[in-house]
Amino acid sequence: MPKTLSVTSWNINSVRLRIESVVRFLHEAQPDFLCLQETKTPDDAFPAHAFTKAGYPHHAFIGMKGYNGVAIVAREPFRKLEAREMCGKPDARHIAVEIGEGAGAIQLHNFYVPAGGDLADPDENPKFAHKLSFVEELRQFSEKLRGSQPRAVLVGDLNIAPLEHDVWSHKQLLDVVSHTPVETDGLKAVMQEGEWCDAFRVLKPEPEKVYSWWSYRSPDWAAADKGRRLDHIWLGRSLKDQIVSGEIRKETRGWERPSDHVPITLTIARD
DNA sequence: ATGGTGGTTAGACCA
């Protein structure tokens with residue numbers, strides 16, 4: 001067993017359309033675990049063989065036709081944990097596995113938080129209400145996990161940029177869904193409840209700007225650089241002193257037919 | 001100032 005554990009989170013926006021990009025990334029970065037969101041693929045169409053061929057023969061996935069969907073693929077075996085049905089909806093926004101054995105086992109949870117639509121008003125916009133309910137459920141889940149399994153990693157597209165320097169303009173985005181106070185306060189409550197450590201902000205403290213997403217709607221995304229940090233890797237309290245390194249593969253945003261999110265990878269010591 | 005682009009899938013719906 002290697003001495004470190006590396007985990008990537010990547011919203012791939014259709015794993016079938018971008019399977020060649022995913023395989024390229026795996027060859028270049030070789031993380032131990034890859035957590036995907038927005039696979040947009042029913043389970044019977046998940047490209048398992050391509051992952052096996054790329055050296056990742058262990059898979060856990062839950063998907064649906066056209067929307068949502070999450071997956072975890074790995075080079076090493078794992079135990080599948082229960083996929084949670086969040087907000088009472090069977091919409092495939094969580095999957096989890098357990099890595100290793102006994103007291104050293106680590107739980108890895110992969111979440112895809114609802115984007116929340118355009119209007120930041122839960123009374124007028126049911127998608128925003130769903131997002132806030134999801135975040136509240138994440139808070140309750142974090143409380144339970146903190147007590148039962150502090151050796152946990154939570155990753156995913158959380159669709160919230162919680163800090164001032166997680167967006168290109170704090171002031172201009174205060175009423176834009178993903179950075180409104182009700183969302184950023186909600187996510188901070190989740191972090192507090194779970195005693196989660198925001199690993200990339202340990203490695204890159206504010207006021208450094210850190211982004212993982214650049215909109216498709218920007219004609220020149222790289223020059224404009226109007227990004228947001230929507231993707232996160234959090235460590236439970238028993239793992240927070242084991243950070244080794246982190247990497248954000250911004251260059252993948254410039255690949256042909258890119259996802260609007262880029263892969264973020266965290267490496268920690270196994271024990 | 002309220003569109004801009006992209007994926008899924010066949011007219012909207014979602015991001």
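Labels below follow one simple rule: chain letters A, B, ... track the order of the sequence lines, proteins then strands, and each chain is numbered from 1.
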Give every pair of a protein N or O atom and an N or O atom of nucleotides 13-15 of chain B that lie under 3.5 Å apart, one pair per line with the distance.
residue	atom	partner	partner atom	Å
dA15(B)	N6	Arg217(A)	NH2	2.4
dA15(B)	N1	Arg217(A)	NH2	3.0

- [ ] Measure the distance from NZ on Lys65(A) to C1' on dA12(B) and round it to the nearest whole Å.
- [x] 14 Å
Open item on the list: Rounding to an integer number of Å, can you tell me how far Arg253(A) CZ sits from dG6(B) P?
Closed with: 8 Å
Open item on the list: For the C1' atoms, the ones on dC14(B) and on dA1(B), what distance do you get once it is rounded to whole angstrom?
Closed with: 24 Å
Task: Non-neighbouring partners of Asp241(A) that pass side-chain contact (heavy atoms from CB on, under 4.5 Å), sequence neighbours left out - done: none
Open item on the list: If I pick the C1' atom on dA15(B) and the same atom on dG4(B), what distance separates them, to the nearest angstrom?
Closed with: 14 Å
TODO: Any pair with a residue in residues 12-37 of chain A that passes ring pair (Phe, Tyr, Trp, His ring centres under 6.0 Å), sequence neighbours left out, goes on the list, sorted by first then second residue, please.
DONE: Trp10(A)-Phe25(A)
Open item on the list: If we count only N and O atoms by modelled type, under 3.5 Å, do the side chains of Ser178(A) and Glu183(A) hold a donor and an acceptor together?
Closed with: no
Open item on the list: Please evaluate residues Phe141(A) and Phe111(A) with respect to the criterion ring pair (Phe, Tyr, Trp, His ring centres under 6.0 Å), reporting the C-alpha separation (whole Å), side-chain torsions for both, the decisive distance (0.1 Å), and the verdict.
Closed with: CA-CA 12 Å; Phe141(A) 166 75; Phe111(A) 281 98; 5.5 Å; yes
TODO: Measure the distance from CD1 on Ile12(A) to C1' on dG6(B) and round it to the nearest whole Å.
DONE: 13 Å
Open item on the list: Assess whether a salt bridge exists between Glu206(A) and Arg229(A), defined as any Lys/Arg side-chain N lying under 4.0 Å from an Asp/Glu carboxylate O.
Closed with: no
- [ ] Send over the distance from Ile19(A) CD1 to dT8(B) P, rounded to a whole Å.
- [x] 13 Å
TODO: Taking only the side-chain nitrogens and oxygens of Arg18(A), find out if one of them lies under 4.0 Å from OP1 or OP2 of dG7(B).
DONE: yes
Open item on the list: Quiz question: by atom type and distance under 3.5 Å, do the side chains of Thr8(A) and Thr265(A) form a donor-acceptor pair?
Closed with: yes
Task: Any pair counted as ring pair (Phe, Tyr, Trp, His ring centres under 6.0 Å), so long as it reaches residues 149-170 of chain A, sequence neighbours left out - done: His170(A)-His179(A)
- [ ] Hunt down any stem DNA chain B takes part in, defined as 3 or more consecutive Watson-Crick or G-U pairs whose two distances are each under 3.5 Å.
- [x] B:5-8 with B:12-15
Hey, can you pull the donor-acceptor pairs under 3.5 Å for the side chains in residues 242-252 of chain A, sequence neighbours left out?
residue	atom	partner	partner atom	Å
Gln242(A)	NE2	Ala269(A)	O	2.6
Arg249(A)	NH1	Glu28(A)	OE1	3.2
Thr252(A)	OG1	Arg249(A)	O	3.0

Task: Atom-to-atom span, CH2 of Trp213(A) to P of dG6(B) - whole angstrom - done: 13 Å
TODO: Flag the pair Lys188(A) / Leu163(A) as yes when at least one side-chain heavy-atom distance between them is below 4.5 Å, and no otherwise.
DONE: yes
